[in-house]
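First the structure, in the form of structure tokens, and then the observations on it.
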Amino acid sequence: MEAQKEAQRIMTMSVWKLYHSRLQRGGLRLHRSLQLSLVMRSARELYLSAKLEEAEAGGEAPCTPEQSADPGQPPPEERAAPADCAAAPGATEPMETQESGGEPALAPASPGKRPARGVSLPGAGKGSRKRRSSSLDKPGAAEAGLAPSKKARLEEEAEGERQPQGQDGPFPSLAKVLQHQFAGRLRSGPAKGPDPPTPGCRPGDGAVLNILVRAVVAF
Amino acid sequence: MEEDIDTRKINNSFLRDHSYATEADIISTVEFNHTGELLATGDKGGRVVIFQREQESKNQPHRRGEYNVYSTFQSHEPEFDYLKSLEIEEKINKIRWLPQQNAAYFLLSTNDKTVKLWKVSERDKRPEGYNLKDEDGRLRDPSMITMLRVPVLRPMDLMVEATPRRVFANAHTYHINSISVNSDYETYMSADDLRINLWNFEITNQSFNIVDIKPANMEELTEVITAAEFHPHHCNTFVYSSSKGTIRLCDMRAAALCDRHSKFFEEPEDPSNRSFFSEIISSISDVKFSHSGRYIMTRDYLTVKVWDLNMENRPIETYQVHDYLRSKLCSLYENDCIFDKFECVWNGSDSVIMTGSYNNFFRMFDRNTKRDVTLEASRENSKPRAILKPRKVCVGGKRRKDEISVDSLDFSKKILHTAWHPSENIIAVAATNNLYIFQDKVN
């Protein structure tokens, strides 16, 4: 749980720094932006893997319909989560089928087989995306001025393609290591029952994640 | 670390003393010239200040060659890129001296986008006895001139003037991080985040691109160039470091575009040290060839590493600069200190290496004896001709007297830029807006 909070805090901090780096004198610094986006990605991976483990330990049902319903705008974190989850039967997304063959070692301890379900995003269509962007403050404002970016999605696809080849790309292995490190802590969490925040809060989490991920924009 | 490591007596003097720190005065680069007679500093305000070493005089033997201000000039001004609506900072990122070939001194200074070649020359005579103007420079009434005279050169007070001889502009899309003069003294290179360009000193309107790591699709960008340097003797060889902690050595004879390296230096990562910030702290902030040309030294956030050019799979030496910060990386990320780019330097004989840290501390590592020392550049601790006392950071447990705990470190006082005299034990340390010069006193 703390890992999740920490990861979220770091993600938020990274977005804030990315946004403010645009305002500084001398313009956007490529190196700094790259570093910030790397940290944000690591934090996001951890956050998602932590959430996934929690969800699996909680024994929730997979929510494939949402993913298949929105192939045009698959939330990037849904694609990130496959990096961490076990082989998914009946997976609708091509990435998952690729990974199920390639990375069984990444399966979390729990035997639950389900597709990416790191975050549930009710109404992952365009309408709710707009609503989320406008309702949030700074991270949202950062997004408001930007054209929708395909960067995050392309990156996730690239990551997914790399994995079946058995290569340890930087992010999957980091997730693996962090997962291993935090697995002990997380296992105790879900045993207590559902999260203190009600499921109704979850869209908020997902919304922030969605915005955060899209903040990793090409500059 | 024993207290008696530092048995040298050290002289010091203070120059550039300011009562308050204005941002424009923050020193951004320090560099000795090839003889050590001159020391140049660049600051955030785009100014260059050159210090010259006093000639040693028999009358005052204890004033052993102190450095005094020789010349000050505005090298770069703030500019505006209208196409991208971006301000271009005037901060001097690097200064590199050219070897002296005549009475004048030449140096290269660069900001984010433009490199300039400056000529610094002395004038100690001036012509007097003009026909058309009088001694004050006012034009004389032509009707009053009745005879012709030849102007003569008369001695005057020494004046040092700096003139921009070349301006190398418009060659970099990204921010220039390094410049390096080739050993052929005819060419130099400038490196930005994604490209390295080769220039001829005489030609300002074009340069050759020799390294280009920009991916076709910017979304696939994974690493940037962080520093580059030419080999000190082989004019065809240079190295560049990356944000991923790797160093590539390139040979310009192999191909016109040196995207493919001749050697690739990378140390496998220690998996036990993995964290969110592993990638950031492995980014190399500085790379320097040894004077011999046999080794390269790299600085990342927590360590300094020495590599043998003949061994690519790991460094031959690794020195921990401030490992006690490893557990504080999250806070350092928060306050942006984790992005600080520290430089590192060799001494003249390549036996000692030096780099900066926080709290105005800087560290020296003796490669032969394997001893290291932490010193502080601060006014309180340094009276003229006083010995610098070694400092120690307490990492946990009981704090001894005179030790400073990690939590008391002042992270706003960072030493990013240092320089070592090419042949003597004189070091220049830039602490924000103050420059400290420490000398070895030989009895």
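In what follows, every heavy atom counts, from backbone to side chain, and hydrogens, waters and symmetry copies are set aside. Only a predicted model underlies this, so the values are computations on that prediction, with no experimental measurement involved. Proteins get letters first, then strands, A, B, ... in listed order; numbering begins at 1 in each.
A 4.5 Å side-chain heavy-atom check between A/S42 and B/F277 finds every atom pair outside the cut-off. The side-chain heavy atoms of B/I280 and A/V39, taken from C-beta on, include a pair separated by under 4.5 Å. By the 4.5 Å heavy-atom criterion applied to side chains, A/L30 and B/M218 are counted as neighbours. Side-chain contact between B/E279 and A/R41 is absent, with no heavy-atom pair separated by less than 4.5 Å.
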**OP:** Could you walk me through whether B/K341 and A/H31 pass the side-chain contact (heavy atoms from CB on, under 4.5 Å) test, one step at a time?
**Re:** CA-CA 11 Å; B/K341 296 184 172 36; A/H31 188 198; 3.3 Å; yes
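Salt bridge annotation for A/R9-B/E334: present, with a cationic side-chain nitrogen under 4.0 angstrom from a carboxylate oxygen. A salt bridge does not link B/D193 with A/R29: every distance from a Lys NZ or Arg NE/NH1/NH2 to an Asp or Glu carboxylate oxygen is 4.0 Å or more.
A donor-acceptor pair is defined here as one N or O able to donate and one able to accept, closer than 3.5 Å; such a pair exists between the side chain of B/H175 and the backbone of A/G26.
Heavy atoms of B/I225 lying under 4.5 Å from chain A are absent altogether. Both the backbone and the side chain of B/D336 come within contact range of chain A, each with at least one heavy atom under 4.5 Å from a heavy atom of that chain. If you measure heavy-atom distances from B/S283 to chain A, the contacts under 4.5 Å come from the side chain alone.
Counting non-hydrogen atoms of neighbouring residues, nucleotides and ligands closer than 6.0 angstrom, the CZ atom of B/F80 exceeds 12 such neighbours. The number of heavy atoms from other shown groups lying within 6.0 Å of CG (B/N335) is above 12.
Rounded to the nearest 0.5 angstrom, B/E87 CD and A/R25 CZ are separated by 4.0 Å. Taking CG from A/L34 and OG from B/S243, the interatomic distance works out to 5.5 Å, rounded to the nearest 0.5 Å. In this structure, B/L86 CG and A/Q24 CD are separated by 10.5 Å, a value rounded to the nearest 0.5 Å.
Ranking B/D112, B/D192, B/L194, B/T226 against chain A, the residue ahead of the rest is B/D112, based on heavy-atom pairs under 4.5 Å.
Annotation for B/F276 and A/A43: closest pair CE2-CA, 3.3 Å, computed over non-hydrogen atoms.
Cation-pi contact between A/K17 and B/Y333: present, with separation from the ring centre below 6.0 Å and deviation from the ring axis of at most 45°.
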